[in-house]
Asks: 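Structure provided below as structure tokens; questions to follow.
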Amino acid sequence: MEIKRTIKYEADRVPGFGRDVMSVPGCEALEHCIQCGTCSGVCPLSIYMDYTPRQVMELVRSDFKNEVLQSHTIWLCASCYACTTECPRQIRITDIMYELKQRAIKEEVYPKRFPIPVLAEEFTKMVHDYGRISETWLVTKMYLRTNPMAALGMAGLGMNLMKTGRFSLKQDKIEHREELAKIMEAVDHENGKAKA
Amino acid sequence: MSAKKEELRIGFYVCHCGHNIAAMVDCAVVARYVETLPGVALSRDYKYMCSDPGQELIQQDIREHRLNRVVVASCSPLLHEHTFRGAVEAGGLNPFYFHMVNIREHDSWVHTDRGEATEKAKALARAAIQRVAHHKALEIKKVEIHPDVLVVGGGIAGIHAAMTLANAGKKVYLVEREPSIGGHMAKFDKTFPTLDCAACILTPKMSEVGSHPNITLWTYSEVTKVDGFVGNYTVQVKRKARYVNEDLCTGCQDCISHCVFKEPKFADDFNEGLGKRKPIFIPFPQATPQAVLIDPEVCLNFKRNKNPDGSPVVGDKCKKTCVEACGEKHAIDFTQKDTLQEVKVGSIIVCTGFKTYDAGRSPAYGYGNYKNVYTALEVERLVNASGPTGGEVILREGKNADGSPKTPKSIGIIHCVGSRDKKTNLWCSRVCCMYSMKLAHLLREHTGAEMYNFYIDMRTPGKGYEEFYNKLLEEGTHFIRGRVGEVTDWAMTPEEEGRLVIRVEDTLAGVVRRIPVDMVVLATGLEPQADAGEVRRLFNMSCGGDGWFLERHPKLAPVSTFTDGVFLAGCCQGPKDIPDTVAQAGAAAAEALVLIDKGYIEQEPNTAHILEDECSGCKSCIPLCPYTAILFDEGRKKAYINEALCKGCGTCVGSCPSASIVQNLFDDQEIFSEIEGVLAYD
Amino acid sequence: MTKEWTPRIVAFFCNWCTYTAADLAGVSRLKYASNVRVIRLMCSGRVDPQFVLEALAKGADGVLIGGCHPGDCHYVEGNYKMLRRFELLKRLLADMGIEERRVRLEWISAAEGEKVKTVINEMTEQIKKLGPLGMPQKFETWDKEIEHLAVEVQARDAAQGPCPTRAAQLKPMEAVHA
Amino acid sequence: MKYAYFPGCSLKGTGRAYEESLLPVMKHLGVELQELDDWNCCGATAYMAVDEGKACAAAARNLAIAEKSGLQQILAPCSACYLVLNKTQHYLHEYPAMRQTVSRALATVGLRCDGSSAVRHPLDVLINDIGLEAVKQKITRPLKGLKVAPYYGCQIVRPYATFDDQSNPTTMDRLLETLGATVIKWPLKTKCCGGSLTGTLPEAGLRLSYILLKEAIKRGADVIATVCPLCQFNLDAYHPKIAAKWEPVPIPTVYFSQLMGLAFGLPADQVVLNRGMVPMKPLAAAMA
């Protein structure tokens, strides 16, 4: 039997993390959480999570940054907003999950070879490069980066898509890609300024 | 002006209120500043002005330093103005040579910068010093109190208040909207935590009310109009037609059995729609008064004979077997009409109760969608021996293996339905944890089912309540800490097929669970009555933001309202259980008794009067007065005010074009000097 | 003082609703700007437009009036009477060149401590943006100008004798004042 | 009636049947749709996970283009697009800092977005602008006998939609009833289909799709009607995998617009039932 320490010392906390998250637009209401568990009760994916959504909320509020950013929970959120709609304290749990995903990506602490953040990154990159998403390419790229073998298992699906005329290898793109690039650059500039 | 005749000698006191004021306002600085103002003879700061030594200090100073005005800067005048006026009077001064400055609620508690808060205190103090110079000696007037009392609402609160007053020899009018008194308590089977039978303890009180010589009981009646003020209220009551003469009906119920409807056919409100009644009915066996009534919406006599405008008329298209059965008593009277009755009372106790949260507003729990989802009040009737099933717990949907109506093998009770939720009601309804456990116990007793209680936090703060929780734990009831996400009927496993599934996070175990049950009970919370807004206006009360009637002070005046002579008891003021309700009803009765036995009430002398020489006789003030206290002397062409009717709002003063109306305690000079005073800072 | 200028606001609160709400704000320890000085009246109906003018003339940069919600007046309808007067007052102030936002009427019930806080903070911010009203200073300048004018007129009268047309114009004005 | 039309990436790719059926239906009802000039991807759920500011700016570019076009109403048929564009509107209104960042960024390319346009879903437009009476007028082939499970998915009712109830939406129910179909009562109307997890984490995502398909069949539905390209894909494309893991659940999933086209008697190339992977036999049988 392998044993692991589960106690948390004060040194395990990152003081200010909770406050910091709660200062982000959309995440303010977290301070009202009464830990009732409605979010976990309605979450269709809570059954696969390492921490239930309720536990994530408390971990954030108690400054357990590392535990939260490394958890699978934030990546399992499918953004169905059921928790946000049902929460008796009107906490926008889905938006908090987004915020945590962003932080995990920024700090590169998400589980490696985990397809979900990879998909998000590839998606974003494609929007940057072309302005639009071509689903076939996107999925192909994701499999190549995470689990190339699994791509083979998708061949049947590809065939079916082709049969129904829904398979396309053409990369769709917008005309004014430079315009979008400029907007993105400006956002970075604004955010950099705000942080400075 | 009197102030000119004698030298002004103002005493000023700034209170630390422990740290409450002193932590944010530099009291010594304020005292030193006020000392420099004209007319101030003495300026002190003191730890607790409202304490006996503090009041003693004022009295001593008045005597020793010949003070003729006093200003105290401390908490809100709504809290202690009365106290300090008393001290001033005890010191030998007219109590109205006093003014109070609020530097706690309006200053130290709401600001964060000590410098700014101190500056504000100085400005407010200066305003009071300037104002008090203009104060005049006034006399307190006494108003007589009519000894009769109106109690509105015949639930346990109204019953207890009425009985207390009646036993003290006072005459009481008890007005109840429903055809019988008893309220919600009459629907309950047992009461927590003692599990004594609700009917057994309530019924004797109900019949006592019905027969008490000092109580006039008007059921099926509503208050429609309230005029007057403390001591002298005129109340109009609408008595709805029950088409049965209450005095002649003996409650034999022969009419019911002889009704042309052989079987009960119409949804029975008292049984939460779970049972049926006939058009002529008695709400429940122990109803008080013991008199039947007719529902004109469904009674054939009215239904078949209607005026073109839809109003009922007496016709001959029903056989009227009820009248026949009533025989010589002649209690049934199809010609009865709604009537208006007027009574005079001196005080009013409002006990209009609550309504339960509409479970349909929480669609995730499937009420109305899944038949075997019940509200707690429905279950109260279901387990009740006099309920629609005779106390047998049988489900609305499904059959047992032998074809008999289905009895549940497992039951989930969901706490906090509609409560503690920003989207519905944010408050905790206080009784649901306890009644849920009571129902868990009763349902288990009746069915032997596996019981699950889903709670957010278990709240058992009452005598014997925690012990009751412990008893339930011993009985083997499952307590799962988690607010239920949803109740559905789709199955993931064979055992879930055909049952209701509760999906919840067991937050203490940290796992999400699916629990199949046969019956779901929703512990719906308590809400203000649907017409609480109108009732509030009727009696000139206030409501909190949540809709419950507002008491005058949450701690020190819990049964008084902002209107003198109107008191509150029971759940109309906020959710509470039966012991608290009865205690509050007793308190409200005691408050009314204080008024009655004292015989008079002292009235704040803030009334208005007209300076006859200044009045131009324009009459513009006359329509402004809501109490018709302003009259016109046609001979002298001047308006004059009947000070007995004046309530002291000052509306006429604010609009007199010739500035000829003066309001005591709020005259122009006093206010102008206060304005100047608050602005003289920096 | 080097401190940043902050507005002076005088508030007239009715005893039953808004004053009680301000007490509630205190009991709830809500925090708001310290610029407001509250004067308690029994009813917002007691607010004489002259109180507002007096406050502005004596140096207030804004005036806040708080009463019960329509239909909730402790004295049946004093707040309605105030509302009617308030509309006229706003027109008068506009004619005097005083910005409408300096004077505000709010219905705040006894339960709305939170609203007291929001309204006071909002109003403080708004008036900060408008800047000082400075009526006392303006009066001073006007007084000086009139003194100056009077001296000038006297000098001219001394030189030329009273002006006949001016005397003729004064008459109807006096008639109006009478 | 004229609307700006924001198709989104899916409607040009795997969800093309949605566009192919929706455009003729709208035209048939006299509604003019003008595709937004050079629109870009809304960002869907993935972008928000990477950078909120940029996600908002990218979505706002589309809102700005719509405002420039002078059309105040944007029709966004895809649930993700509908949500993201709405969410962006909300953020721009609610958070001044976000509004400032985004408007400055847009200004660098001469665009501005004052948040004046309304993002609308086809169901909203059909019920509230066009009206079911007008829809009824166009029916030539009522869907008598067809049992449909209305499936709304998550993102059109949660969390921003105001045109329908968040827990129990009924707009599609009413539309389908108008078309003559029988609407199945089921509690899974707004349950999650698995979203992009069907691709990234199949064991979690496909389970949700399986439950939906299984329950629809159990309750006697012939077909599931959907409003979202991702839902349609998840419920249509993974049948072999679902059958291998649990059991076969052969029920087709089509867009509500396809059912409308069918009821309107539009030609087959405008109803495009051939785009589905699950055989439409039950549909054809029920219609026969």
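These numbers come from the heavy atoms of this one structure, side chains and all, not from hydrogens, waters or symmetry mates. Residue numbers begin at 1 in each chain, while the letters A, B, ... track the order of the sequences.
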Asks: Can you tell me which residue pairs pass the salt bridge (Lys or Arg N to Asp or Glu O under 4.0 Å) test with a partner in residues 88-99 of chain D, sequence neighbours excluded?
Replies: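 Output for this query lists Arg92(A)-Glu94(D).
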
Asks: Using the rule side chain to side chain donor-acceptor pair (under 3.5 Å), only one of Arg275(D), Gln258(D), Gln270(D) pairs with Glu20(D); which is it?
Replies: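 It is Arg275(D); the other options fail the test.
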
Asks: To the nearest 0.5 angstrom, please state how far the CD atom of Glu52(D) sits from the OH atom of Tyr98(A).
Replies: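 The OH atom of Tyr98(A) is 10.0 Å from CD of Glu52(D), to the nearest 0.5 Å.
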
Asks: Salt bridge or not for Glu178(A) and Lys182(A), using N-O below 4.0 Å?
Replies: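 Lys182(A) and Glu178(A): not salt-bridged.
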
Asks: Could you pull out the closest heavy-atom pair between Lys12(D) and Pro7(D), with the gap in Å?
Replies: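 In this case the closest contact between Lys12(D) and Pro7(D) is CE-CG, 3.8 Å.
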
Asks: Does a sphere of radius 6.0 Å around NZ in Lys68(D) hold more than 12 heavy atoms from other residues, nucleotides or ligands, not counting ones at 6.0 Å or beyond?
Replies: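 No - once you tally the heavy atoms of other residues, nucleotides and ligands closer than 6.0 Å, there are 12 at most.
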
Asks: Do Glu19(D) and Tyr5(D) pair up side chain to side chain, a donor and an acceptor below 3.5 Å, judged on atom types alone?
Replies: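 A donor-acceptor contact under 3.5 Å links the two side chains.
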
Asks: In terms of heavy-atom pairs under 4.5 Å with chain A, which of Cys9(D), Ala49(D), Ala46(D), Cys42(D) leads?
Replies: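 The option with the most such pairs is Ala49(D).
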
Asks: Check each atom of Ile47(A) against the heavy atoms of chain D and say whether the ones under 4.5 Å are side chain, backbone, both or neither.
Replies: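 The answer is the side chain of Ile47(A).
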
Asks: In terms of heavy-atom proximity below 4.5 Å to chain A, should Gln166(D) be classed as side chain, backbone, both, or neither?
Replies: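 It is the side chain, since no backbone atom gets that close.
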
Asks: Check whether Phe233(D) gets within reach of chain A through its side chain, its backbone, both or neither, counting any heavy atom under 4.5 Å.
Replies: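 Contact with chain A: backbone and side chain both.
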
Asks: At a heavy-atom distance under 4.5 Å, which candidate from Pro117(A), Ala78(A), Ala82(A) has the highest pair count against chain D?
Replies: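 Heavy-atom pairs under 4.5 Å are most numerous for Ala82(A).
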
Asks: Is there a side-chain contact between Cys83(A) and Thr94(A), using heavy atoms and a 4.5 Å cut-off?
Replies: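 Result yes, sub-4.5 Å side-chain heavy-atom pair found.
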
Asks: Give, as side chain, backbone, both or neither, the part of Val127(A) having an atom under 4.5 angstrom from any heavy atom of chain D.
Replies: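 Contact with chain D involves the side chain of Val127(A) alone.
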
Asks: Less than 3.5 Å apart, any donor N or O on the side chain of Asn234(D) or Thr198(D) sitting next to an acceptor on the other?
Replies: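 A pair is found: one side chain offers a donor N or O, the other an acceptor, under 3.5 Å apart.
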
Asks: State, without any angle test, whether Arg132(A) and Asn40(D) hold a side-chain donor-acceptor pair at a distance under 3.5 Å.
Replies: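 Absent: no donor and acceptor within the cut-off.
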
Asks: Looking only at side-chain N and O atoms, does Ser79(A) offer a donor or acceptor that is under 3.5 Å from a partner on Thr45(D)?
Replies: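 Distance-only check fails for Thr45(D) and Ser79(A).
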
Asks: For atom CG of Asn274(D), is the number of surrounding heavy atoms from other residues, nucleotides or ligands below 6.0 Å larger than 12?
Replies: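 Counting other residues, nucleotides and ligands, CG of Asn274(D) exceeds 12 neighbours.
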
Asks: Could you name the residues of residues 49-62 of chain A that have a heavy atom within less than 4.5 Å of a heavy atom in chain D?
Replies: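 No residue falls under the 4.5 Å cut-off.
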
Asks: Do the two ring centres, one from His72(A) and one from Tyr48(A), sit under 6.0 Å apart?
Replies: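 Centroid separation for His72(A) and Tyr48(A): 6.0 Å or greater.
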
Asks: Chain D heavy atoms under 4.5 Å from Leu45(A): which part of the residue, side chain, backbone, both or neither?
Replies: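 Just the side chain, heavy atoms under 4.5 Å.
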
Asks: By a 4.5 Å heavy-atom criterion (distance strictly below it), what part of Val42(A) contacts chain D: side chain, backbone, both, or neither?
Replies: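 Answer is neither: Val42(A) stays 4.5 Å or more from chain D.
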
Asks: For Tyr110(A) and Trp75(A), take the angle between the two ring planes, folded into 0 to 90°, and tell me which bin it lands in: parallel under 30, tilted 30 to 60, perpendicular over 60.
Replies: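 Geometry flag for Trp75(A) against Tyr110(A): perpendicular rings.
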
Asks: Sort out for me which of Cys77(A), Ala104(A), Cys80(A), Ala186(A) touches chain D most, counting heavy-atom pairs under 4.5 Å.
Replies: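 Answer, by heavy-atom pair count under 4.5 Å with chain D: Cys80(A).
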
Asks: Please flag which part of Ile105(A) lies under 4.5 Å from any non-hydrogen atom of chain D: side chain, backbone, both or neither.
Replies: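 When you check distances to chain D, only side chain atoms of Ile105(A) fall under 4.5 Å.
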
Asks: Just to verify, what does Glu31(A) make a salt bridge (charged side-chain N to carboxylate O under 4.0 Å, His left out) with, not counting sequence neighbours?
Replies: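 Listed in chain order: Arg19(A).
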
Asks: Check whether Glu122(A) gets within reach of chain D through its side chain, its backbone, both or neither, counting any heavy atom under 4.5 Å.
Replies: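 Contact with chain D involves no heavy atom of Glu122(A) at all.
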
Asks: Just checking, any donor-acceptor pair under 3.5 angstrom between side chains of Thr14(D) and Glu135(A)?
Replies: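 Yes, because at least one side-chain N or O of Thr14(D) sits under 3.5 Å from a partner of the opposite role on Glu135(A).
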
Asks: Looking at Val50(D), Ile211(D), Val102(D), which one has more heavy-atom pairs under 4.5 Å with chain A than the rest?
Replies: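 Option with the top pair count is Val50(D).
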
Asks: Please determine whether the number of non-hydrogen atoms from other residues, nucleotides or ligands lying under 6.0 Å from atom CE of Met162(A) exceeds 12.
Replies: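 Check passes, neighbour count above 12.
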
Asks: For residues His239(D) and Tyr210(D), is any side-chain donor paired with an opposing acceptor at under 3.5 Å?
Replies: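 Result is no, nothing qualifies.
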
Asks: Just to be sure I understand the criterion: a residue of residues 80-87 of chain D counts if one of its heavy atoms is under 4.5 Å from a heavy atom of chain A. Which ones qualify?
Replies: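 Interface residues of residues 80-87 of chain D: Leu83(D), Lys87(D).
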
Asks: So which part of Tyr95(D) gets closer than 4.5 Å to some heavy atom of chain A, the side chain, the backbone, both or neither?
Replies: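 Side chain only.
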
Asks: If you measure from CG on Leu106(D) to CG on Leu111(D), what distance do you get to the nearest 0.5 Å?
Replies: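 Here the interatomic distance stands at 6.0 Å.
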
Asks: Looking at Pro25(A), Ser134(A), Pro44(A), which makes the most heavy-atom pairs under 4.5 Å with chain D?
Replies: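 The option with the most such pairs is Pro25(A).
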
Asks: Can you tell which of Gly199(D), Ser167(D), Pro240(D), Gly195(D) has the highest number of heavy-atom pairs within less than 4.5 Å of chain A?
Replies: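 Of Gly199(D), Ser167(D), Pro240(D), Gly195(D), Gly199(D) has the most heavy-atom pairs under 4.5 Å with chain A.
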
Asks: Which residue out of Asp38(D), Asp37(D), Val272(D) racks up the most heavy-atom pairs below 4.5 Å with chain A?
Replies: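 Winner by heavy-atom pair count: Asp38(D).
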
Asks: Less than 4.5 Å to any heavy atom of chain A: does that hold for the side chain of Asp236(D), its backbone, both, or neither?
Replies: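 The answer is the side chain of Asp236(D).
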
Asks: What part of Glu179(A) is in contact with chain D, defined as an atom under 4.5 angstrom from a non-hydrogen atom: side chain, backbone, both or neither?
Replies: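 For Glu179(A), backbone and side chain are both near chain D.
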
Asks: For the interface with chain A, which of Arg16(D), Glu203(D), Arg61(D) has the highest count of heavy-atom pairs at distances below 4.5 Å?
Replies: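 Counting heavy-atom pairs under 4.5 Å, the top option is Arg61(D).
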
